[in-house]
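This report refers to the structure that appears directly beneath it.
Counting convention: from 1, in listed order, for ligands and their atoms alike. In this text the structure is predicted, and so the values were computed from the model without any measurement.
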Amino acid sequence: MKIIAGNWKMNGTRTNLENMINELSSINTENTIILCVPYTMLNVKSDKIAIGAQDISQHTHGAYTGEVSAQMVADAGAKYTIIGHSECRQYHGDTNDTVRTKAEQALANGLTPIICVGETMDEKQAGKTMTIIESGVRESIPLDTKSPIIIAYEPRWAIGAGLTPTHDEIATAHTLIANTLTDMGLTGTPVLYGASVKGSNAAEIMSIPNVDGVLVGGASLKSDEFIPIITSVK
Ligand code: PGA
């Protein structure tokens with residue numbers, strides 16, 4: 001059983017989500033399906049798919065115009081939230097410290113954070129991939145975490161680019177993450193792979209040891225691309 005999470009980014013409408021839920025209702029799968037959608041769609045209900053947000057504020061409440069708190073996201077019906085996505089690190093300046101604070105907010109409000117880590121192309125070319133991944137995991141997870149969390153390894157240079165790391169690169173990264181989590185007392189924490197996942201590569205990626213599922217951007221927007229990913233694994 002794997003976790004298949006979609007990240008709709010700033011795309012779609014409530015009708016698109018309702019249609020997707022309808023189309024997913026007929027598929028036969030034991031995999032956990034999560035759709036992380038814009039805030040405006042968080043109160044759409046489904047008994048088959050869990051709904052998640054794509055980010056939350058690091059603050060509880062107050063004068064933060066435009067921000068949405070973990071409590072609000074949970075109140076709207078979400079069970080999960082992505083935190084530290086590459087685009088939030090790039091466009092909103094999220095750092096590992098911000099991500100950890102947001103993860104604390106998520107956990108305090110009963111949300112499961114999907115914490116993203118991964119290297120940029122510059123970091124990859126400088127030979128820093130493993131350091132960035134390990135520090136991302138160690139610094140982004142709140143101390144003494146007991147509640148479930150999910151980690152997503154997303155090589156930032158590969159997101160939306162149609163590029164994927166090699167099988168060995170994914171295996172090495174996921175082994176490092178699994179070992180780091182064990183060292184932190186978090187053995188068994190699911191680790192997803194994300195960046196340019198599609199129907200044609202999903203099964204192979206999810207056959208790699210320590211890959212517990214995928215986080216899918218572009219290919220999660222249309223059911224004819226998302227369903228083959230969900231049904232590619234048992
Ligand atoms: P992609 O995006 O699947 O379109 O590469 C992945 C993500 O941003 O989570």
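For the residue pair A50 and Y80, the shortest heavy atom distance occurs at CB-CE1, 3.5 Å.
Close approach of ligand 1 to G160 (heavy-atom distance below 4.0 Å) involves ligand atoms 1 (P), 4 (O), 5 (O). Atoms of ligand 1 lying under 4.0 Å from any heavy atom of A195, numbered from 1 in the order shown and given with element: 5 (O). For ligand 1, the atoms lying closer than 4.0 Å to a non-hydrogen atom of K9 are 2 (O), 7 (C), 8 (O). Applying the 4.0 Å criterion to heavy atoms of G218 picks out, from ligand 1, the atoms 1 (P), 3 (O), 4 (O). Against a heavy-atom cut-off of under 4.0 Å, H85 is close to the following atoms of ligand 1: 7 (C), 8 (O), 9 (O).
With C36 as the fixed residue, the side-chain contact (heavy atoms from CB on, under 4.5 Å) test singles out one of I51, L42, I82: I82.
At least one N/O-N/O distance between G217 and ligand 1 falls below 3.5 Å. The N/O atoms of I159, backbone and side chain alike, include none that comes under 3.5 Å of an N/O atom in ligand 1.
Using a non-hydrogen distance threshold of 4.0 Å, G194 does not register as a contact of ligand 1.
Using modelled atom types and a 3.5 Å distance limit, the side chains of D183 and T180 yield no donor-acceptor pair.
H174 and Y153 have perpendicular rings, their planes meeting at more than 60° on a 0 to 90° scale where under 30° would count as parallel.
When hydrogens are left out, the protein atom nearest atom 9 (O) of ligand 1 is E154 OE2, 2.7 Å; that is the closest non-hydrogen contact.
At a threshold of 4.5 Å between non-hydrogen side-chain atoms, the residues I141 and I115 count as touching.
Salt-bridge annotation for R89 and E154: absent, with no side-chain N of the basic residue lying under 4.0 Å from a carboxylate O of the acidic one.
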Practice prompt. I would like to know whether T182 and N179 meet side-chain hydrogen bond (donor to acceptor under 3.5 Å, both in side chains); could you show each step before the answer?
Written response: CA-CA 5 Å; T182 296; N179 290 343; 5.4 Å; no

